[in-house]
**Student:** 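For reference, the structure I am asking about is given below.
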Amino acid sequence: MSDQGTMNGAEWLARALAGTGMSHVFFVESVMRRTLLQLGDLGVKPILAHSEKAAAYMADGYARVSGRPGVCMAQSVGAANLASGLQDPWLGRSPVIALTGHKEPSFQHRNSYQEIAHAPLFSAVTKFSSPVYSTSELPRLLRHAWRAALADTPRPTHLDFNGLQGDVIELGQTAEPPVIEADARRIPVHRPVADERDIARAAEILLASRRLAIVAGDGAAASAAGPEVLALAEALAAPVATTLGARGLIPTRHRLSAGVAGSYSAPPANRIVCGADLVLFVGCDTGDQVTLNWRVPAIDTKIVQIEADPLEIGRSYPNTTGVLGDPKATLARLSQVIGHPVRDQGFAEEAARIVADWRASMAPLVEKNTAPISVERLCAEVTRALPSDGILVADTGYSGIWTGTMVDLNGAGQGYQRAAGSLGWSFPASLGATCAAGRRKVVCFTGDGGFYYHLAELETARRCKIPVAVIVNNNSGFGQNLTGVRRISGNRPGRGEELIRFGPTDFTAVARSFGVRGLRVEQPQEIAPALQQALAADEPVLVDVVTDLEPRAPEAWAPPRDASAG
Ligand SMILES: Cc1ncc(C[n+]2csc(CCOP(=O)(O)OP(=O)(O)O)c2C)c(N)n1
């Protein structure tokens, strides 16, 4: 700081970020070195990643667990890689803030080395993206990027600084206090309660329903509305399905828990939601994944939708009564209005039977005691091993389906984060999640196909002492894709498998070469002790579980075509 009480932009940025209470930022050299060094001095640890995409995923994992912005940084030529890493936080509604450098305006449009236009790269994956041409603009633009990232619906934002490494902030001075926000709040930053008339109308419709199902989504999870969802479900005898992202919002073993609905689901939830005469969506985007392409429930179903983002109300279901407000706060008020009515328990009992029958049908695989290890057994061991406040971070594809259907969560303390679609997301995201998790333990669940993407971050985990437990479901291929390849190959044995099979890899040997402890598991009895060791360690541990490519994950139940207008 100068005698006049001013400071240059690099220092301002470090002080402002540190002032928010963040503990880590994620980057690839060469960018904003002075800011990064100063952040370190101020107690914010810069985590050097091996690719910009991994840095973005780390910031995403950090943001999802902390409920606060995660910051990632890259120099000009890394901007495209960083932007590609914002797709998952965009889809997963996570407040990641990306900071990049770009070459001076005088270098644009004239074949400059390493330079392409950044704005188009970031336009599809950010709510707000702006160049920063001077230090004097920095405080205003950073505050806006911060506010926009956190505002409903939370999503990434981006600032693109003048100079290859963001050098502009080295130059000018600013006298503004290095403060970004008045008070540090988690998502949701505001908790507006819906209008009383809308609540009364919703209560009336809900009370008139005899077969009510609730579908709670990522917005309900972000709002920490689990207890309120459960209270309303109990008052109305309504089974509760969730999106994959909201897995574990209520205890998954609760008698009203129907499981995950949509395309990444086991059969019960879709059957139950399709059997309802009214569906209450809570903080749910009603996208193709949770609705099985708008067939669960059928498109003409009567809907009540509680949402913090007005643009989501009635987006896909025309027969919707909207209630605009924060899910947790609005549900609390709705429950007061509804009170404790006498309700027919028939639909809830029917739903519980559907779930119990399905669980019973899975028991042989859950209990399978011989090699090759069944993934159902692996998931049951994860359920047993995950601490009561542990966080499970799952990759996309089968890793999402396996964990979303076969791992049970206590709905009180445990956390669940999943890739919003990008294969390979979970391992770097789990590192960021661990940085935000404090003493809570983070377990990453990934297939080998997903894990290959960011193997190099094993080195980051060791160097930065990030004590994550990584489970690799190692079936030597893209297991989820086997069915599709077989289908187009006319089910001829072996035909097309070169599209999806890998050679066998011992990931414990890979881990060891990075200095990370690896435990190989080939027999079901070895899973529990390995998970126990991994979870007890205060260093990263990789558990390489050898499974087979053939077994299929649970498949979604779909309503008959003629029963759906979608
Ligand atoms: C970036 C990206 N590329 C491709 C896909 C398509 N995809 C989804 S799941 C999957 C296979 C995943 O294999 P693995 O991680 O080994 O898990 P497994 O299915 O074997 O359990 C693929 C290729 C994707 N979701 N994201």
Side-chain angles (χ1 to χ4, degrees), residues 213 215-216 239-254 257-275 288-293 295-297 351-368 372-384 386 392 394-409 416 418-421 423 426 445-447 449-450 471 473 475 477-487 500 524 527 545 547-560:
V215 181
V240 179
T242 69
T243 57
L244 182 63
R247 174 75 176 166
L249 180 72
I250 67 166
T252 56
R253 285 275 179 182
H254 191 281
S257 172
V260 170
S263 52
Y264 275 22
S265 71
N270 289 1
R271 277 182 194 279
I272 293 163
V273 173
C274 283
D288 58 342
Q289 188 183 52
V290 62
T291 64
L292 195 66
N293 302 339
R295 298 175 66 200
V296 177
R353 263 195 312 276
I354 292 174
V355 173
D357 289 350
W358 175 73
R359 283 193 188 271
S361 75
M362 300 304 289
L365 288 166
V366 169
E367 289 154 16
K368 184 170 181 279
I373 289 170
S374 77
V375 190
E376 290 86 349
R377 170 73 188 263
L378 173 60
C379 289
E381 298 292 355
V382 173
T383 300
R384 279 191 275 275
L386 193 68
L392 184 61
D395 216 67
T396 192
Y398 264 16
S399 297
I401 302 177
W402 287 121
T403 54
T405 57
M406 300 305 303
V407 174
D408 280 305
L409 298 166
Y416 180 77
R418 54 84 186 91
L423 192 62
S426 64
F445 187 106
T446 176
I471 300 171
N473 171 21
N475 58 13
F478 285 150
Q480 183 177 32
N481 305 35
L482 184 64
T483 313
V485 166
R486 290 238 169 103
R487 197 182 312 119
I500 54 153
I527 306 172
V545 183
T547 58
D548 194 77
L549 199 67
E550 292 289 337
R552 304 293 79 200
E555 277 188 28
W557 175 88

**Student:** Would Ile527 and Ile373 count as a side chain to side chain contact (heavy atoms under 4.5 Å, CB included) here? Give the steps.
**Tutor:** CA-CA 9 Å; Ile527 306 172; Ile373 289 170; 3.9 Å; yes
**Student:** Assess the residue pair Asp357 and Arg271 against the criterion (salt bridge (Lys or Arg N to Asp or Glu O under 4.0 Å)); give the C-alpha distance rounded to whole Å, side-chain angles, the decisive distance to 0.1 Å, and a yes or no.
**Tutor:** CA-CA 13 Å; Asp357 289 350; Arg271 277 182 194 279; over 6 Å; no
**Student:** Walk me through it: do Val545 and Phe445 pass the test side chain to side chain contact (heavy atoms under 4.5 Å, CB included)?
**Tutor:** CA-CA 11 Å; Val545 183; Phe445 187 106; over 6 Å; no
**Student:** Using a 3.5 Å distance criterion without hydrogens, assess whether the side chain of Arg247 forms a donor-acceptor pair with backbone atoms of Leu409.
**Tutor:**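 Looks like no, no N/O pair under 3.5 Å.
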**Student:** Write down the atom of Trp358, the atom of Ala266, and the distance for their closest heavy-atom approach.
**Tutor:**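 In terms of heavy atoms, the two residues are closest at CZ2-CB, 3.3 Å.
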**Student:** Can you name the closest pair of heavy atoms from Glu367 and Arg377 and give their distance?
**Tutor:**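 Taking Glu367 first and Arg377 second, the nearest heavy atoms are O-NH1, 4.0 Å.
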**Student:** Under 3.5 Å, is there a donor-acceptor pair between the side chain of Thr446 and the main chain of Asp395?
**Tutor:**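 Looks like no, no N/O pair under 3.5 Å.
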**Student:** Hey, does the side chain of Asn270 reach the backbone of Ala261 with a donor-acceptor pair shorter than 3.5 angstrom?
**Tutor:**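 No, because the side chain of Asn270 does not come within donor-acceptor range (under 3.5 Å) of the backbone of Ala261.
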**Student:** State, with a plain yes or no, whether a side-chain heavy atom of Leu423 is found less than 4.5 Å away from one of Phe478.
**Tutor:**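 When only atoms from C-beta onward are counted, Phe478 and Leu423 do touch, with a gap below 4.5 Å.
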**Student:** Would a 4.5 Å heavy-atom cut-off, applied to side chains only, mark Asn475 and Asp548 as touching?
**Tutor:**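 Of all side-chain heavy-atom pairs linking Asp548 with Asn475, none is under 4.5 Å.
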**Student:** Is there a side-chain contact between Leu378 and Ile471 in this structure, where contact means two heavy atoms from C-beta onward sitting under 4.5 Å apart?
**Tutor:**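 Leu378 vs Ile471: side chains touch.
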**Student:** Could you measure the distance from the CZ atom of Arg487 to the CG atom of Leu482? Nearest 0.5 Å is fine.
**Tutor:**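 Arg487 CZ to Leu482 CG: 10.5 Å, rounded to 0.5 Å.
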**Student:** To the nearest 0.5 angstrom, please state how far the CZ atom of Arg384 sits from the CG atom of Asp408.
**Tutor:**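 Arg384 atom CZ to Asp408 atom CG measures 10.5 Å (nearest 0.5 Å).
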**Student:** Less than 4.5 Å apart, side chain to side chain, heavy atoms only: is that true for Val215 and Val296?
**Tutor:**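 Sidechains of Val296 and Val215: no contact.
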**Student:** Give a yes or no answer on whether the side chain of Ser257 reaches the backbone of Thr252 with a donor-acceptor pair at less than 3.5 Å.
**Tutor:**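 Yes; judged by distance alone, with no hydrogens or angles, the pair exists.
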**Student:** At their closest point, which heavy atom of Tyr264 faces which heavy atom of Thr396, and how far apart are they?
**Tutor:**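 The pair with the smallest heavy-atom distance is OH-OG1, 4.0 Å.
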**Student:** Regarding Arg552 and Thr483, is there a side-chain donor-to-acceptor distance under 3.5 Å anywhere?
**Tutor:**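 A donor-acceptor contact under 3.5 Å links the two side chains.
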**Student:** If you look at every heavy atom in Tyr398 and Pro551, which pair is closest and at what distance?
**Tutor:**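 For Tyr398 and Pro551, the tightest heavy-atom pair comes out as CE2-O, 4.0 Å.
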**Student:** If I compare all heavy atoms of Val273 with all of Ala213, which pair ends up nearest, and what's the gap?
**Tutor:**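 Scanning both residues, the minimum pair turns out to be CA-CB, 4.3 Å.
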**Student:** Give a yes or no on whether the backbone of Ala394 and the side-chain of Ser399 come within a donor-acceptor separation of less than 3.5 Å.
**Tutor:**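 Not a single qualifying donor-acceptor pair exists.
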**Student:** What do the steps show when you test Gln480 against Ile401 for side chain to side chain contact (heavy atoms under 4.5 Å, CB included), and what is the final call?
**Tutor:** CA-CA 10 Å; Gln480 183 177 32; Ile401 302 177; 3.8 Å; yes
**Student:** Test Leu249 against Tyr416 for side chain to side chain contact (heavy atoms under 4.5 Å, CB included), laying out the working first.
**Tutor:** CA-CA 9 Å; Leu249 180 72; Tyr416 180 77; over 6 Å; no
**Student:** Is there a side-chain contact between Lys368 and Pro524, using heavy atoms and a 4.5 Å cut-off?
**Tutor:**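 No, side chains not in contact.
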**Student:** For residues Asn473 and Thr547, is any side-chain donor paired with an opposing acceptor at under 3.5 Å?
**Tutor:**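 Side chains of Asn473 and Thr547: pair found under 3.5 Å.
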**Student:** Any side-chain to backbone donor/acceptor pair from Arg295 onto Pro559? Under 3.5 Å, distance only.
**Tutor:**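 At least one qualifying donor-acceptor pair exists.
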**Student:** Can you name the closest pair of heavy atoms from Ser263 and Ala556 and give their distance?
**Tutor:**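 Closest heavy-atom pair between Ser263 and Ala556: O-CB, 3.8 Å.
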